[in-house]
Protein chains: 2
Amino acid sequence: MSNIREVSRAAGVSIATVSRALSNPEKVSEAALKKVYAAIEKVGYRPNMMARNFRAVRAYSIVVLVPNLSNLFFATVIRGIEDAAQQKGYSVLLGDTRDSTAREEEYIRLVETRQADGILQLRPHTPGKSLEPKVAIPMVSACGCENTPYPSVRIDNTGAAREIVDYLIDQGHRRIGVLSGLVDNPHAVDRLRGYKEALAAAGIPFDPDLQINGDFTLGSGLMAASHFARMKDRPTAIFSMNDEMAIGCLQGLKSAGIKVPEEMSVTGFDDIEFARYSDPPLTTVAQPAEELGRVGFQTLLELIEGKELGNTETVLPYEFVVRKSTPPLKG
Amino acid sequence: MSNIREVSRAAGVSIATVSRALSNPEKVSEAALKKVYAAIEKVGYRPNMMARNFRAVRAYSIVVLVPNLSNLFFATVIRGIEDAAQQKGYSVLLGDTRDSTAREEEYIRLVETRQADGILQLRPHTPGKSLEPKVAIPMVSACGCENTPYPSVRIDNTGAAREIVDYLIDQGHRRIGVLSGLVDNPHAVDRLRGYKEALAAAGIPFDPDLQINGDFTLGSGLMAASHFARMKDRPTAIFSMNDEMAIGCLQGLKSAGIKVPEEMSVTGFDDIEFARYSDPPLTTVAQPAEELGRVGFQTLLELIEGKELGNTETVLPYEFVVRKSTPPLKG
DNA sequence: CTGTTAGCGCGTTCAG
DNA sequence: CTGAACGCGCTAACAG
């Protein structure tokens, strides 16, 4: 627990010289530098970052708000964030909010009390329900949705959904079920719009009976499957809004005796690694998860450093991935 | 950005009184309290935690070192950690080290420079390769292995592995493949011992050809499957050391035309949520992941607060979960 | 190039 | 019960 004063004593120079030797070595003579480095070694000095940051009025850390850390898509985004943050000397404070705005508020306090410099929000913004952007709280959305009222980085969810459903229609499907998220989930909203647009473009009327809302978990996919299985006029394909639900759905369909993909096509969204290992492997949309995290961090850093960004949107490209869960419809 | 001085001015009391009103309200008169609270409201005061922590010589944060955040088992442990930490007013700094000791060292620096108070290590300890415990760096292992040289919380990996393999033997298997981790991975070491003990107890000789080493990822499970599939004298069951590899293996076996579980039993380890949704659902060992995290944090907190723990071990119970991937062997 | 001085925001003496 | 004064470890401004 030695401090800068001990170093200065051991080196026989002033405290200021030690400080300069560390942050502006070019302003210190060779001789003094040598003495300082030797002294640092000798007394085992480590600068106290709390003191340094305190002076700098910057915590050099950001908080990442994630609705559910066990969601592999989010986990991957976080890896990207951490990667970028570490390169810039920032640490990442984890806030698993379990979809609770109240918990989010608690983490906001970390930046209000200067324990963190900004917020990277992974939960998409729901007007009237989510944390509203506050001035003086740098915040950016790292895997957001349309109409986010603060800077965001995202993919074109609507377009990606449209592309998937277009593909299913091309494969011959006319009755396409949709396994959505909760009605007010913004990702669900955007993707549902894409689904409807694709249907409309093909002249297929939207049938509300074919929409089942889950919550992006495996379990809700399983539940949804049993609904779909029991329908009198069952769909021939299901567009699921994430891979977890699609995989849950796969199992539900099988245990209902429905063969996938022979009797039912299923698509996912995100392209988590498990999507390649399901049976059958899932046709899905690959989001550039790590990149979303990296770009999200960079955007946040600009905000922290004082740039005015308004509610800039950065839209990154996605990739449509065809696997075996969507063969052409027979008959 | 108001500070305590502004509050004191607005309230017409001294700085010390404001400070006391916040941390020892019982030592302040009713009248003064009211004035202080009103002033805080009025100037929009938020205590500067950096300053407070700086004085307290405590960061009120810990760093969690995780080898791979995309591993669902670790993600769940972290949820437990964060839960416990938040309750005690601590924040969690994330360190995804991607199995690199060098990266771990960088995070150690965070506590050396007082940005964090201690380390919660999720990577099991490999002698001569892992971070060695340093005095003055509070560190605990939250899902450790046997012979960890600092306080640890874990399950009985050897016992759990033995129990799984015993069960396979009971189901009639004599040739049981093992899908291990890398040779120096401590979890692999402990679990391999359990595998061998179970074999020995049943009088089955250990056959090194039946051991394939992966790296706990889906991909390595897939690779291993093709090895197993090509063996002349193929095993009738595979004990995989985690669920991800087991699920990867499942797919590899299927694409090699081997039916699971009819022609091959497969077991996992950890009981991640996907284990219930694979085809067939996996027989596995459920680790109390969140609890490991919670207890790990509590142990670390004791260390931070100055208790001497030596290399205490806390062993938590696991649960053996039988699903459909392990029917009795026919013939 | 170097040392001296003055705080950053807060908690904690110690008198009153 | 209250206030003035000091210092935590460090950096920045200013002289020399």
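The sequence lines fix the lettering, A, B, ..., with proteins before strands; numbering per chain opens at 1.
Side-chain contact between B:Val28 and B:Val36 is absent, with no heavy atoms from C-beta onward closer than 4.5 Å. You'll find the side chain of B:Leu120 reaches within 4.5 Å of the side chain of B:Val140, heavy atoms only. Using a 4.5 Å heavy-atom cutoff, the side chains of B:Asp83 and A:Arg98 are in contact. Side-chain contact between A:Glu106 and A:Thr97: absent, with no pair of heavy atoms (C-beta onward) separated by less than 4.5 Å.
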Study note, to complete from the structure: Heavy-atom contacts, protein to nucleotides 10-16 of chain D, under 4.0 Å, summarised as B (base), S (sugar-phosphate only) or - (none) per nt, yield BBBB---
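Atom CD of A:Glu30 and atom P of C:dC1 are 9 Å apart (whole Å). Between the CG atom of A:Asn53 and the C1' atom of C:dC10 there is a distance of 16 Å, rounded to whole Å. The separation between B:Glu6 atom CD and C:dC8 atom P is 12 Å, rounded to whole Å. The distance between atom NZ of A:Lys34 and atom C1' of C:dC1, rounded to the nearest whole Å, is 16 Å. Protein atom CE of B:Met50 is 14 Å distant from nucleotide atom P of C:dG11, rounded to whole Å.
Along DNA chain D, the nucleotide nearest to B:Phe54 and the one nearest to B:Leu33 differ in position, and the one closer to the 5' end is contacted by B:Leu33.
Contacts of A:Ala32 with the nucleic acid, taken as non-hydrogen atoms under 4.0 Å apart, involve only primed sugar atoms and P, OP1 or OP2.
For the salt bridge (Lys or Arg N to Asp or Glu O under 4.0 Å) with A:Glu104, the lone residue among A:Lys129, A:Arg109, A:Arg123 that qualifies is A:Arg123.
In the helix from C:dC1-D:dG16 to C:dG16-D:dC1, the terminal helix axes, each the rotation mapping four pairs' C1' atoms onto the next four within five end pairs, subtend 40°, rounded to 10°.
Using a distance-only test at 3.5 Å, with no hydrogens or angles considered, a donor-acceptor pair links the side chain of B:His187 to the main chain of B:Cys143. Judged purely by atom type and a 3.5 angstrom limit, A:Glu82 uses its side chain to pair as donor or acceptor with the backbone of B:Asp96.
Side-chain nitrogen and oxygen atoms of A:Thr17 include at least one within less than 4.0 Å of the OP1 or OP2 phosphate oxygen of C:dG3.
Taking the ring-ring contact (aromatic ring centres under 6.0 Å, His included) definition, one finds that A:Tyr60 meets it with A:Tyr90, sequence neighbours left out.
Within a 6.0 Å sphere centred on CG of A:Asn311, heavy atoms belonging to other residues, nucleotides or ligands number more than 12.
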